[in-house]
Participant: 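Below you will find the structure I want to go over with you.
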Amino acid sequence: MTIQSVFLVITISVTLLSGRVVAQSSPQTLLAGVVLQAGQIDSSKVKVGVYAEVIYGKDEWDQVSGAWKKLDTAQGYIKAVDQESLTISQGLGKRIAFDRIQQLILAESSFQMDKFKKTTDIYFFMQKEGKSKRIFGKLLGGVLVGGLFALAGGGVGMKVWDCSENEGLCVLEGYVRGALIGYVVGVPAGINRMDAYDRFTYSLAGSLIGGAAGLGVTYAKEDFWPALIICPLIGSTIMSEFFRKPPEARRVSIGLFPSPKGRVSAVATLRF
C-alpha cells in the first residue's frame with residue numbers, strides 16, 4: 001500500500017467517524033481566519049479583543065423578499081459581547097445584534113484579516129461589486145431599452161391618437177406622447193435587466209418622478225427638452241441603487257468556528 005493510499009484511508013475514516021474536519025491549532029493561530037455565517041453566530045463564538053469584520057442587515061427586514069433591505073459592513077476590534085449582540089470599535093463603537101449578522105470574520109489583527117481575505121475563496125465571493133461599473137451598466141441599459149420602448153410607444157401612439165382635424169400635427173403629437181410613455185417605462189426595464197438585485201417597482205417609480213420633473217422643466221423652457229431624456233434615467237437609477245436588494249448568500253458555504261481545547265472546526269452549510 002502506497003503512502004498516498006494510507007493518507008486517503010485515514011482521511012475517510014476520520015470523516016466518517018466525526019462528520020467534521022478538526023485541525024489542531026495553537027492559541028496564536030486560533031483566530032487566523034474564522035468565518036461564521038448567519039445562524040452560527042452567538043456570544044459563545046466570539047470574545048472581546050478579537051478583530052472582526054461584520055456584514056449585517058441594515059434598516060428593516062423586507063417581508064416580501066425575505067431579506068434585509070440593505071447590507072452594511074463594519075470592521076474593528078470587539079469591545080463588548082452580551083447574549084444578544086456584540087460591540088465593535090468602529091468610531092465611537094457600533095452595537096450589532098447577532099440576528100442581523102449575515103457573516104462574521106474573526107482574526108487577531110487587521111493585517112491578518114487582510115491576508116486571510118486575499119487568500120480565501122470567501123473574499124472573492126463577498127467582495128462588493130464595483131459600484132461605478134454597475135451604475136454605468138444601468139445607465140447604458142436604461143438608454144438602450146428606453147430607446148427601443150420609445151420607438152414602439154411612438155408607433156402605437158400614432159395609431160391610437162384621435163386625429164380628426166389637422167392630421168399631420170396630430171399624428172406627430174401622438175407619436176411624441178407615445179414615445180415619452182414608452183421611454184419612461186423602458187428605462188427601468190433596461191436598468192432591471194442590468195442588475196439582478198434591482199427592484200423594478202422602485203426603479204419605475206423613479207422613472208415616473210423623473211419624467212414628471214422633465215415635463216415640468218420642458219414646459220418652463222422648451223430649450224431644456226433634453227430633461228425629458230435625462231431626468232427619467234437619473235431618477236430610475238437613483239431609486240434602483242437606493243432600494244437595491246442585498247446580494248444573496250450562496251446555498252453551499254464553508255465556515256470555521258472555534259471549538260473547545262484550542263481547535264478549529266470546519267462546517268459546511270447548505271441553505272434551502
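Hydrogens, waters and symmetry mates play no part in the numbers below; they use all other heavy atoms, side chains included. One-based numbering along the sequence shown.
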Participant: Shortest non-hydrogen contact from Val145 to Gly186?
Facilitator: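 Looking at all heavy atoms of both residues, the closest pair is CG1-O, 3.4 Å.
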Participant: Does Leu208 reach the side chain of Met239, with side-chain heavy atoms less than 4.5 Å apart?
Facilitator: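 Result no, sub-4.5 Å side-chain heavy-atom pair not found.
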Participant: Any side-chain heavy atom of Phe98 sitting closer than 4.5 Å to one from Gln40?
Facilitator: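 Not in contact.
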Participant: Return the OH to CG distance between Tyr183 and Leu148, rounded to the nearest 0.5 Å.
Facilitator: 11.5 Å
Participant: So how far is it from Thr237 OG1 to Leu139 CG, rounded to the nearest 0.5 Å?
Facilitator: 4.5 Å
Participant: Please report the closest heavy-atom contact between Asp195 and Arg244, naming both atoms and the distance.
Facilitator: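 So the two residues come closest at OD2-NE, 2.7 Å.
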Participant: Group every Ile, Leu, Val, Met, Phe, Trp and Tyr by side-chain heavy-atom contacts under 4.5 Å, then state whether Tyr56 and Ile88 land in the same group.
Facilitator: yes
Participant: Enter the distance from Ile101:CD1 to Leu71:CG here, rounded to the nearest 0.5 Å.
Facilitator: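 The CD1 atom of Ile101 sits 12.0 Å away from the CG atom of Leu71.
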Participant: Please determine whether a side-chain nitrogen of the Lys or Arg among Asp198 and Arg134 lies less than 4.0 Å from a carboxylate oxygen of the Asp or Glu.
Facilitator: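 Answer for the salt bridge query: no.
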Participant: Would you indicate whether Phe243, at its atom CZ, is surrounded by more than 12 heavy atoms from other residues, nucleotides or ligands within a distance under 6.0 Å?
Facilitator: yes
Participant: So, taking the atom named CE in Met194 and the one named CG in Leu140, what distance separates them when rounded to the nearest 0.5 Å?
Facilitator: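 Rounded to the nearest 0.5 Å, the CE-CG separation comes out at 6.0 Å.
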Participant: Testing the basics here: between Lys94 and Ala74, what is the closest heavy-atom pair and its distance to 0.1 Å?
Facilitator: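 Answer, listing the atom of Lys94 first, then Ala74: CD-CB, 4.0 Å.
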Participant: Treating Ile, Leu, Val, Met, Phe, Trp and Tyr as nodes and any side-chain heavy-atom pair under 4.5 angstrom as an edge, say whether Val185 and Tyr202 lie in one connected cluster.
Facilitator: no
Participant: We want to know whether Asn192 and Ser203 form a side-chain donor-acceptor pair, criterion being a heavy-atom distance below 3.5 angstrom.
Facilitator: no
Participant: Could you tell me whether Arg100 atom CZ has more than 12 heavy atoms of other residues or ligands within 6.0 Å of it?
Facilitator: yes
Participant: Do you reckon Ile96 sits in the same ILVMFWY cluster as Val46, going by side-chain contacts under 4.5 Å, direct or chained?
Facilitator: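 Yes: a chain of side-chain contacts under 4.5 Å links Ile96 to Val46.
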Participant: Verify side chain to side chain contact (heavy atoms under 4.5 Å, CB included) between Tyr77 and Thr87, making sure each step is shown before the conclusion.
Facilitator: CA-CA 9 Å; Tyr77 288 95; Thr87 302; over 6 Å; no
Participant: Heavy-atom distance under 4.5 Å between the side chains of Ser85 and Asp82, does that happen here?
Facilitator: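 In contact.
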Participant: Linking I/L/V/M/F/W/Y whenever any side-chain heavy atoms sit under 4.5 Å apart, do Ile191 and Val143 land together?
Facilitator: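 The answer is yes; both residues are in one hydrophobic cluster.
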Participant: Between Ser207 (side chain only) and Ser236 (backbone N and O only), is there a donor and an acceptor less than 3.5 Å apart?
Facilitator: no
Participant: Is any side-chain heavy atom of Lys47 closer than 4.5 Å to one of Val81?
Facilitator: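 Not touching, per the 4.5 Å side-chain cut-off.
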Participant: Within the supplied structure, the quantity of interest is the number of heavy atoms (other residues, nucleotides, ligands) at a distance under 6.0 Å from Trp225 CH2; does it exceed 12?
Facilitator: no
Participant: Treating Ile, Leu, Val, Met, Phe, Trp and Tyr as nodes and any side-chain heavy-atom pair under 4.5 angstrom as an edge, say whether Ile234 and Val184 lie in one connected cluster.
Facilitator: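 Each belongs to a different hydrophobic cluster.
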Participant: Nearest 0.5 Å, what's the CG-CG distance between Asp42 and Leu86?
Facilitator: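 CG of Leu86 is found 11.0 Å from CG of Asp42.
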Participant: Measure across Lys45 and Leu106 and return the closest heavy-atom pair with its distance rounded to 0.1 Å.
Facilitator: O-CD1, 3.7 Å
Participant: Nearest 0.5 Å, please: how far is CZ in Arg199 from CG in Leu204?
Facilitator: 15.0 Å
Participant: Just checking Phe242: does its CZ atom have more than 12 heavy atoms from other residues, nucleotides or ligands closer to it than 6.0 angstrom?
Facilitator: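 12 or below, so no.
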